[in-house]
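Below is one structure, written out as structure tokens, with a few remarks after it.
The figures here come from the full heavy-atom set of this structure, side chains too, leaving out hydrogens, waters and symmetry mates. Naming: A, B, ... by sequence-line order, numbering from 1 per chain.
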There are 2 protein chains.
Amino acid sequence: MPNGGQPTIVSIAARAGVSIASVSRVLNGQGARRDTEERVRRAAAELGYVPNAVARSLKDGRTRQLTFAMPDIGNPVYVAMVRAIQAVTKAAGYRLLLHSTDAVAEDELAVLHSLGDRTSDGLILCPIRITDEHVAALTAAAGPVVVIGSLPDGVPVDSVRADSVAGSALVVAHLHGTGRRRIAFVNGPSDTVPGRNRGHGYRTALAAHGLPYDESLVVHTDFGIESGAAAARRLLPARPDAIFCANDQLALGAAHALLARGVRVPEDIAVAGMDDSTLAQAGWPPLTSVDLGSSARGRRAAELLLDRLEAPDAGAAFAPRTTTAFPRLVVRASTAPATGSPDPSPLTRTP
Amino acid sequence: MPNGGQPTIVSIAARAGVSIASVSRVLNGQGARRDTEERVRRAAAELGYVPNAVARSLKDGRTRQLTFAMPDIGNPVYVAMVRAIQAVTKAAGYRLLLHSTDAVAEDELAVLHSLGDRTSDGLILCPIRITDEHVAALTAAAGPVVVIGSLPDGVPVDSVRADSVAGSALVVAHLHGTGRRRIAFVNGPSDTVPGRNRGHGYRTALAAHGLPYDESLVVHTDFGIESGAAAARRLLPARPDAIFCANDQLALGAAHALLARGVRVPEDIAVAGMDDSTLAQAGWPPLTSVDLGSSARGRRAAELLLDRLEAPDAGAAFAPRTTTAFPRLVVRASTAPATGSPDPSPLTRTP
DNA sequence: GTGAAAGCGCTAACAT
DNA sequence: ATGTTAGCGCTTTCAC
């Protein structure tokens with residue numbers, strides 16, 4: 001047989017002695033005579049019938065699959081998004097297709113293009129950077145797309161963004177509020193949107209608190225624990241009393257480098273991260289961080305996409321929507337005030 | 001139009017003035033007259049044609065999609081697997097469907113059952129526990145399945161298992177070798193296969209090193225950082241000189257609880273985890289752990305599955321294969337000898 | 001070399 | 001209430 005031996009409505013029809021249409025009707029809960037209904041159900045059960053989803057998809061033009069494309073599933077931020085998205089799509093009866101772009105722009109474009117192959121009904125894309133080609137591809141997309149990230153104006157696509165400017169400001173304000181005055185900043189690559197925004201937020205917040213912007217207190221690097229450690233070592237001569245890092249991995253690396261040199265965290269230098277990933281709570285000392293809403297953004301993106309899909313009239317019927325997730329400061333031990341509350345960190349207890 | 005305005009071979013054929021068969025041939029790289037070839041390609045390009053993967057799937061009975069079902073994508077162990085699997089499947093030209101079962105057995109069975117809907121060509125299942133129903137469903141599976149976990153004998157399905165008995169033994173041996181004699185054990189739930197195995201490995205290894213099995217040094221709990229902290233506090237009265245935890249989250253929790261009480265890690269008590277997840281290296285002190293090969297198992301599972309799919313004759317043609325991943329001990333600061341090498345942990349430096 | 005037509009499994013008119 | 005049939009988009013015989 002052409003099939004893998006799987007039962008189809010044809011086999012059921014034969015076994016039940018009815019037409020395939022009746023089988024389809026019974027199985028889809030449309031009326032039928034008691035007798036017919038029974039025989040069809042029995043035949044289906046005996047054969048262990050499972051409807052072929054591909055055939056159904058071809059018929060009604062939808063797969064009930066959604067695609068999520070992100071740079072790297074190894075990054076806790078994206079894991080949080082996947083998790084949130086998965087929860088929403090699962091509840092709505094959609095399967096989730098995962099695509100790792102490895103932070104390669106071409107790959108992102110390929111995913112966008114492949115939306116035309118009708119493998120999935122919609123796409124959530126988390127691009128590392130938005131190029132003109134991205135804009136073009138997004139505009140010409142063959143199906144509904146939601147972007148997690150900041151899009152230039154005029155791109156006719158729903159998007160969900162983080163407010164990392166505000167997030168950075170929250171951290172700086174917190175550090176300032178707990179007595180820190182020489183607040184260093186370890187940023188990620190400055191040629192990405194988040195990198196630029198975080199830098200902007202940092203500078204703005206410094207100004208707002210009357211602190212000078214000191215070049216020697218700022219380091220640009222890539223993400224990753226080891227980079228954070230290196231950055232911290234580089235910053236030490238500038239004598240910061242706080243190090244704010246553009247993500248938790250950097251912060252963790254920085255904290256470890258400091259501890260390894262006998263610098264006390266937070267007594268001598270406070271350390272704060274960003275993203276509030278699992279690493280933040282797992283670190284020692286537990287890291288103060290800003291939740292930029294990875295989960296919330298994932299959830300919202302999924303909701304926007306489903307909303308489009310469920311919309312009565314097809315495609316880009318209504319105007320693109322943009323949502324911004326509010327940042328939330330999560331204070332932990334790594335930024336306890338240098339003096340004040342008694343013995344904030346057990347690290348200082350030296351028996 | 002019935003379609004979403006997407007071009008199909010019909011539109012191309014019309015535009016190029018040829019039959020749909022010719023379009024198909026040209027697009028699939030089969031011979032055609034220069035002239036024909038050119039016109040078809042041009043028409044396809046102008047229309048922005050992308051082949052409909054669903055139609056193709058229906059035709060040739062395969063989707064080039066694989067499903068990976070695991071309990072919870074939030075767990076670093078599964079993230080590592082997803083990552084490894086994704087890399088293999090992507091390279092082989094397969095898409096990856098992610099399914100989170102939320103550790104619900106019914107959901108696992110549902111996934112197994114839904115293999116019959118032909119949505120994906122094969123399944124990698126990472127079950128939390130193997131029940132009789134699992135065995136039945138696995139035996140009756142409508143397509144190739146690879147299980148990550150330990151399967152009873154006789155189940156006709158490929159599987160990839162971890163050797164947590166050996167892994168536990170490695171840790172105990174290491175702790176014993178670095179002078180620890182009162183080695184406590186924080187285990188996960190004892191009614192899971194890994195739980196039982198890890199407990200078994202612990203006991204066996206103790207015996208092998210001539211250490212007594214002391215009930216008061218063993219705690220059963222569920223996984224999670226907070227559980228680890230609670231367990232450590234509970235163990236303190238029993239005066240352990242090492243705490244071995246059944247996973248990294250527990251270990252991290254334990255280490256933090258100890259530090260918070262002024263107990264030095266590793267000087268007073270060594271702490272070791274299991275899985276060697278990102279938490280292990282990110283933690284402070286960096287955790288000694290055993291890599292049970294999450295990545296390796298994921299990769300291997302994907303390879304086994306692809307192997308089946310690529311096999312000339314269909315289905316369960318050849319006998320089930322079982323692979324076991326070798327555990328690998330990763331020593332970090334959290335288990336440095338209590339005395340000996342000079343100043344293993346910066347924590348001891350008290351300026 | 002190219003076109004006509006069958007068929008993958010299913011649903012939904014349309015007929016009876 | 002049930003059967004016949006067309007058609008979703010594609011690949012692949014089979015004729016010409």
Side-chain angles (χ1 to χ4, degrees), chain A residues 1-41 43-44 47-64 114 116-119 121 142-143 314, chain B residues 1-41 43-44 47-64 114 116-119 121 142-143 314:
Chain A
M1 60 200 70
N3 190 9
Q6 291 268 322
T8 69
I9 48 169
V10 176
S11 13
I12 297 182
R15 181 168 249 249
V18 298
S19 72
I20 62 167
S22 290
V23 175
S24 177
R25 280 191 214 101
V26 169
L27 264 27
N28 291 310
Q30 316 204 8
R33 217 184 341 177
R34 265 289 283 273
D35 170 51
T36 311
E37 161 119 24
E38 220 157 64
R39 278 156 58 201
V40 169
R41 292 219 179 280
L47 261 34
Y49 173 74
V50 180
N52 183 317
V54 176
R56 178 129 49 179
S57 291
L58 180 59
K59 188 74 179 82
D60 56 42
R62 39 188 283 151
T63 55
R64 302 203 70 91
S114 78
D117 76 7
R118 309 275 101 185
T119 280
D121 298 343
Chain B
M1 61 199 71
N3 190 9
Q6 291 268 322
T8 69
I9 48 170
V10 176
S11 12
I12 298 183
R15 181 168 249 247
V18 299
S19 72
I20 60 168
S22 290
V23 175
S24 178
R25 280 191 215 101
V26 169
L27 264 26
N28 291 310
Q30 318 204 7
R33 217 183 342 177
R34 264 292 283 273
D35 170 50
T36 310
E37 162 117 25
E38 221 158 64
R39 278 156 56 202
V40 168
R41 292 218 179 280
L47 260 32
Y49 173 74
V50 179
N52 183 318
V54 175
R56 177 129 49 181
S57 290
L58 180 60
K59 189 76 181 77
D60 56 42
R62 40 187 285 154
T63 55
R64 301 201 71 88
S114 78
D117 76 7
R118 308 276 101 186
T119 280
D121 298 343

Nearest-0.5 Å distance that lies between atom CD1 in A/I20 and atom CZ in A/R25: 10.0 Å
Results of side chain to side chain contact (heavy atoms under 4.5 Å, CB included) for B/R39 - residues two or more places apart only: B/A16, B/V18, B/D35, B/R42
Nearest-angstrom distance from the residue atom CD of A/E37 to P of D/dA1: 12 Å
Spacing of A/N52 atom CG relative to C/dC8 atom C1', expressed in whole Å: 9 Å
Residues 26-34 of chain A side chain polar contacts: donor-acceptor under 3.5 Å, at least two apart:
unit_1	atom_1	unit_2	atom_2	d
A/N28	ND2	A/S24	O	2.8
A/N28	ND2	A/S24	OG	3.2

B/Q6 CD to D/dG9 P, straight-line distance once rounded to whole Å: 10 Å
Contact under 4.0 Å: A/S57 side-chain N or O vs C/dC10 OP1/OP2: no
Upstream residue (5' side of DNA chain D) when B/K59 and A/R34 are each assigned their closest nucleotide: A/R34
Residue pairs, two or more places apart or on separate chains, that pass side chain to side chain donor-acceptor pair (under 3.5 Å) and touch residues 50-63 of chain B: B/R62-B/Y94, B/T63-B/D121
From OG1 (A/T8) to CG (A/L47), nearest 0.5 Å: 9.0 Å
Given D/dC10, C/dC10, D/dT2, the nucleotide with the shortest approach to the side chain of A/A32: D/dT2
Integer-rounded Å distance: D/dG9 P and A/R62 CZ: 16 Å
Residue pair B/P7 / B/G48: nearest heavy atoms and the distance that separates them: CG-O, 3.9 Å
Rounded interatomic separation in angstrom, taking CG from B/D60 and P from C/dC8: 13 Å
Sorted by number, the residues of residues 22-30 of chain B with heavy-atom contact under 4.0 Å to DNA chain C: B/S22, B/R25
Exercise: identify the closest heavy-atom pair between B/G116 and B/A142: CA-CB, 3.7 Å
Nearest-angstrom distance from the residue atom CZ of A/R33 to C1' of D/dG3: 12 Å
side-chain hydrogen bond (donor to acceptor under 3.5 Å, both in side chains) involving B/R15 - partner list, sequence neighbours excluded: B/E46
Residue-level proximity of residues 9-21 of chain A to DNA chain C when a heavy atom falls under 4.0 Å: A/I9, A/I20, A/A21
Side-chain N,O (B/R56) to OP1/OP2 (D/dT11) below 4.0 Å: yes
